[in-house]
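Some notes on the structure that comes next.
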Amino acid sequence: MADKKAQLIIEGAAPVELPILTGTVGPDVIDVRSLTSTGRFTFDPGFMSTASCESKITYIDGDNGILLHRGYPIEQLAEKSDYLETCYLLLNGELPTAEQKAQFVSTVKNHTMVHEQLKTFFNGFRRDAHPMAVMCGVVGALSAFYHDSLDINNPQHREISAVRLVAKMPTLAAMVYKYSMGQPMMYPRNDLTYAENFLHMMFNTPCEIKPISPILAKAMDRIFILHADHEQNASTSTVRLAGSSGANPFACIAAGIAALWGPAHGGANEAVLTMLDEIGDVSNIDTFIAKAKDKNDPFKLMGFGHRVYKNRDPRATVMKQTCDEVLNELGIKNDPQLELAMRLEEIALTDPYFIERSLYPNVDFYSGIILKAIGIPTSMFTVIFALARTVGWISHWKEMLSSPYKIGRPRQLYTGYDSRDVNKLEDRK
Ligand code: CMC
């Protein structure tokens with residue numbers, strides 16, 4: 001894997017030879033691990049040029065708009081598989097056979113309920129708390145309930161924890177929503193598919209059980225597939241970092257949820273709708289586009305741009321198609337917010353500022369619109385992202401623990417004071 005070498009010339013010191021590692025596809029990486037012996041470190045805030053780990057799970061080619069899970073293009077997974085198949089793929093490396101799928105689905109369904117006592121946790125939160133705040137708390141609390149699967153050095157424990165997380169996230173997400181609404185929490189129904197069951201727990205009540213629209217369930221399943229994993233993004237790296245200290249899986253996923261919450265990451269789907277509200281009307285678009293272009297204005301067009309995709313976001317293409325299907329199914333036409341969104345999309349695809357900077361609509365732009373159309377409140381959008389991404393997080397966590405690993409511990413370029421003495425209070429000026 002390392003037949004090429006790079007040479008680092010440091011003024012006044014002997015050159016350092018660094019191996020160049022080659023992956024299956026994608027750019028080579030320069031292995032700088034031996035640099036510590038020279039007493040120097042690399043400096044890369046934001047990890048713009050740093051590969052933090054080796055992984056076999058997901059590959060992204062941002063220049064060409066490619067996203068592969070275990071080698072399979074996301075477009076094909078969205079069309080030919082479903083979320084639980086994608087989960088199996090991410091966790092195990094291969095798509096399941098029919099028999100393996102039946103077994104996996106049945107195992108997941110065995111774990112959909114949460115410990116009855118977990119319900120009491122909710123009462124400690126205000127009803128108007130942000131759902132992501134509650135999610136961080138209740139997912140972290142799972143480690144207080146499932147002691148029997150917390151030995152991270154035991155592969156079977158890791159397996160059970162992974163399944164528990166995939167199975168319980170929809171239940172917890174729906175419980176968070178019901179709590180915020182003051183409605184009774186709904187138990188999962190194992191006769192439904194993963195997506196149908198989630199919509200059932202979200203929108204049905206004990207006094208009225210309505211059938212779930214297959215088109216909306218398919219859209220929900222697509223949203224789950226398209227958010228399932230995205231290699232070493234901020235939240236996944238957070239999960240790996242937390243996991244590298246030996247923290248238990250539920251605590252690691254809670255850390256991932258916290259990292260996802262930010263508007264530059266998973267919070268963007270919520271921020272899209274908040275922005276559309278702020279813009280208010282098509283007549284105000286020019287003002288907001290001018291703000292987005294103004295270097296002195298912090299305003300950014302939410303749902304546009306991506307750290308890795310500098311062409312198109314392949315997830316956005318599938319999501320746009322699903323968006324059209326959902327709006328058609330629900331008969332939504334002439335919606336002012338939607339009209340606004342479509343006008344923004346048009347501008348971003350034609351305005352030189354956005355073209356030159358490759359700022360295309362990303363997955364969150366369309367998923368926000370779909371979720372709103374389905375009737376999911378804006379504050380729940382990032383929770384749904386977290387639900388879907390849990391399998392990606394836990395797959396990366398399992399991958400890291402399955403081979404030798406080190407605690408993640410970056411260094412720094414220190415620019416503070418050198419050592420100085422503490423003066424007595426009366427001598428300080
Ligand atoms: N609106 C206006 N200008 C933008 C935007 C935007 N949404 N995004 C980037 N730019 C400009 C930025 O000002 C900079 O301009 P210049 O070169 O003149 O200084 C240029 O484009 C490059 O931007 P950057 O900030 O260096 O890019 P980045 O890779 O550090 O940031 C990003 C990527 C996603 C954080 C950023 O594009 C952004 O904040 N977008 C809005 C939030 C959003 O939709 N996030 C969801 C990402 S997809 C979900 C996920 O995978 O988490």
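Both counts, for ligands and for their atoms, begin at 1 and track the order of listing.
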Nearest non-hydrogen contact to atom 35 (C) of ligand 1 from the set Ala292, Gly62, Ala264 belongs to Ala264
Out of Arg315, Lys295, Glu231, who is nearest to atom 13 (O) of ligand 1 when you count heavy atoms only?
Lys295
To the nearest 0.1 Å, how far is atom 51 (O) of ligand 1 from its closest protein heavy atom, and which atom is that?
His306 NE2, 3.1 Å
Would Met302 count as a polar contact of ligand 1, with the cut-off being nitrogen or oxygen pairs under 3.5 Å?
no
Among Leu301, Val363, Leu260, closest by any non-hydrogen atom to atom 7 (N) of ligand 1
Leu301
Gly266 versus ligand 1: do any nitrogen or oxygen atoms come within less than 3.5 Å of each other?
no
Give yes if a backbone or side-chain nitrogen or oxygen of Phe354 is under 3.5 Å from a nitrogen or oxygen of ligand 1, and no if not.
no
Out of Arg389, Arg307, His230, whose heavy atom is nearest to atom 28 (P) of ligand 1?
Arg307
Quick one: nearest non-hydrogen protein atom to atom 50 (C) of ligand 1, plus distance?
His265 ND1, 3.8 Å
protein heavy-atom neighbour closest to atom 25 (O) of ligand 1 works out as Lys300 NZ, 3.3 Å
Min heavy-atom dist Met48 to ligand 1 below 4.0 Å:
no
Phe365 near ligand 1, heavy-atom distance under 4.0 Å?
no
